[in-house]
A.B. asks: 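Mind having a look at this structure? Questions to follow.
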Amino acid sequence: TLTVMPWTDPVIDQDGHHPRSSYVEDYWMAILGPTAYCLLRKLSAGFDHDPDGYMMDPSATATEMGLGSGTGSSSQLARSLDRLELFALVRRRHEEVWCRRRLPLLHRRQRARLPEHLGRSHAFWQQQQDDEQYRASQLANATVLASALVQLGHLGPAIENRLHEWRYSPVTSRAAALAVATPS
């Protein structure tokens, strides 16, 4: 088994994108490839139930992902972990894997590697994030949705993650979740 632990990074954890967000699906998947992207999502999903870390059976995980049951150094699972490590999204040591809970924005070289249409899409996305009126409108909309999620019984981190999955930026998602948080 592997022990999967959260990789804490205060800067990226504050402003980064959830592994199951549309930003990661739209842009990071083109960099990582589909298998590594799916493995990252699977590793991240384990933190939903065990936020401090959990045990993972690599053979069962590989089988669940349709990668066969092999776990050797040349298996698809091992190659996917290598790829995630190459991009500093996981760290490994022996039987332990530390996985980021949030991913950073693509840096300039990564954006340059995107297919042309995704590069244009990313540039437009970035322009929207820099527009003050757009950000204010997004925050207002996200706060309304966050309030509805509270009424449905969702709590802080779940609200923030859901808003992020619905294409709100990490900053907007966090601000909306905090705006509707009930004081203790």
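Only a predicted model underlies this, so the values are computations on that prediction, with no experimental measurement involved. The first residue in the sequence is number 1, and the count goes up from there.
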A.B. asks: Ignoring hydrogens and angles, tell me if any N or O in the side chain of Gln110 forms a donor-acceptor pair with the backbone of His107 under 3.5 Å.
C.D. replies: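 Indeed, once roles are kept as given, a pair shorter than 3.5 Å links the two residues.
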
A.B. asks: Would you mind listing every side chain to side chain donor-acceptor pair (under 3.5 Å) that reaches into residues 45-56, with sequence neighbours excluded?
C.D. replies: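 Matches after skipping sequence neighbours: Arg20-Asp48.
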
A.B. asks: Which residue, His18, His122, His164, forms the ring pair (Phe, Tyr, Trp, His ring centres under 6.0 Å) with Tyr23?
C.D. replies: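 Option passing the ring pair (Phe, Tyr, Trp, His ring centres under 6.0 Å) with Tyr23: His122.
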
A.B. asks: Please confirm whether the backbone N or O of Asp130 pairs with a side-chain atom of Arg135, one donor and one acceptor, at under 3.5 Å?
C.D. replies: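 The answer is yes, because a donor-acceptor pair under 3.5 Å joins these two groups.
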
A.B. asks: Minimum heavy-atom separation for Ala176 to Ala146, with atom names?
C.D. replies: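 Ala176 and Ala146 have their closest heavy atoms at O-CB, 3.8 Å.
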
A.B. asks: Taking Arg174 for the side chain and Pro157 for the main chain, is one N or O donor matched with an acceptor at less than 3.5 Å?
C.D. replies: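 Flag not set: sc Arg174 to bb Pro157 has no pair under 3.5 Å.
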
A.B. asks: Test salt bridge (Lys or Arg N to Asp or Glu O under 4.0 Å) on Glu85 and Arg100; report intermediate values, then the result.
C.D. replies: CA-CA 11 Å; Glu85 193 167 29; Arg100 288 195 185 276; over 6 Å; no

A.B. asks: Is there side-chain contact between Leu106 and Leu114, with at least one heavy-atom pair below 4.5 Å?
C.D. replies: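 A side-chain contact exists here, since the closest heavy-atom pair is under 4.5 Å.
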
A.B. asks: Between His17 and Trp125 (judged by ring centroids, cut-off 6.0 Å), do the two rings come close enough to count as a pair?
C.D. replies: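 Yes.
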
A.B. asks: Taking NZ, NE, NH1 and NH2 as the nitrogens, is one of them in Asp26 or Arg167 under 4.0 Å from a carboxylate oxygen of the other?
C.D. replies: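 Yes, Asp26 and Arg167 are salt-bridged.
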
A.B. asks: Under a 3.5 Å distance rule, please check whether Ser147 uses its side chain to pair with a backbone N or O of Val144 as donor and acceptor.
C.D. replies: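 Not at all, since once roles are kept as given, no pair shorter than 3.5 Å links the two residues.
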
A.B. asks: Who passes salt bridge (Lys or Arg N to Asp or Glu O under 4.0 Å) against Arg41, sequence neighbours left out?
C.D. replies: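 So Arg41 forms no salt bridge (Lys or Arg N to Asp or Glu O under 4.0 Å) with any residue.
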
A.B. asks: Share the residues that join Trp7 in a hydrophobic cluster, the rule being Ile, Leu, Val, Met, Phe, Trp or Tyr side chains under 4.5 Å apart at the heavy-atom level.
C.D. replies: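 The other cluster members (ILVMFWY side chains, heavy atoms under 4.5 Å, direct or chained) are Met5, Trp98.
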
A.B. asks: Test Ile12 against Leu103 for side-chain contact (heavy atoms from CB on, under 4.5 Å), laying out the working first.
C.D. replies: CA-CA 7 Å; Ile12 294 176; Leu103 277 66; 5.7 Å; no

A.B. asks: Where do His94 and Leu2 come nearest, in terms of heavy atoms and distance?
C.D. replies: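 Scanning both residues completely, I find the closest heavy atoms to be O-CD2, 4.5 Å.
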
A.B. asks: Sequence neighbours left out, what passes side chain to side chain donor-acceptor pair (under 3.5 Å) with Thr172? Give chain and number order.
C.D. replies: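 Thr172 satisfies side chain to side chain donor-acceptor pair (under 3.5 Å) with Ser169 only.
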
A.B. asks: Compare all side-chain heavy atoms of Thr35 with those of Leu40 and state whether any distance is below 4.5 angstrom.
C.D. replies: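 Thr35 vs Leu40: side chains apart.
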
A.B. asks: Count the heavy atoms belonging to other residues, nucleotides or ligands that lie under 6.0 Å from CD of Glu64, then report whether that count exceeds 12.
C.D. replies: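 Result for CD/Glu64: enclosed.
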
A.B. asks: Going by salt bridge (Lys or Arg N to Asp or Glu O under 4.0 Å), name the residues that satisfy it together with Glu116, two or more places apart in sequence or in a different chain.
C.D. replies: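 For Glu116, the residues satisfying salt bridge (Lys or Arg N to Asp or Glu O under 4.0 Å) (neighbours in sequence not counted) are Arg120.
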
A.B. asks: Could I get the full list of salt bridge (Lys or Arg N to Asp or Glu O under 4.0 Å) partners for Glu132, not counting sequence neighbours?
C.D. replies: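 If we apply the salt bridge (Lys or Arg N to Asp or Glu O under 4.0 Å) test to Glu132, skipping adjacent residues, there are no hits.
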
A.B. asks: Judged by atom type as modelled, is there a donor-acceptor pair below 3.5 Å linking the side chain of Ser121 to the main-chain atoms of His117?
C.D. replies: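 Not confirmed, Ser121 side chain does not pair with His117 backbone.
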
A.B. asks: Do Glu165 and Arg162 meet the salt-bridge criterion of a basic N to acidic O distance under 4.0 Å?
C.D. replies: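 Between Glu165 and Arg162 there is a salt bridge, with a charged N closer than 4.0 Å to a carboxylate O.
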
A.B. asks: side-chain contact (heavy atoms from CB on, under 4.5 Å) between Arg83 and Leu86: does it pass, once the steps are laid out?
C.D. replies: CA-CA 5 Å; Arg83 188 138 180 92; Leu86 175 69; 4.1 Å; yes

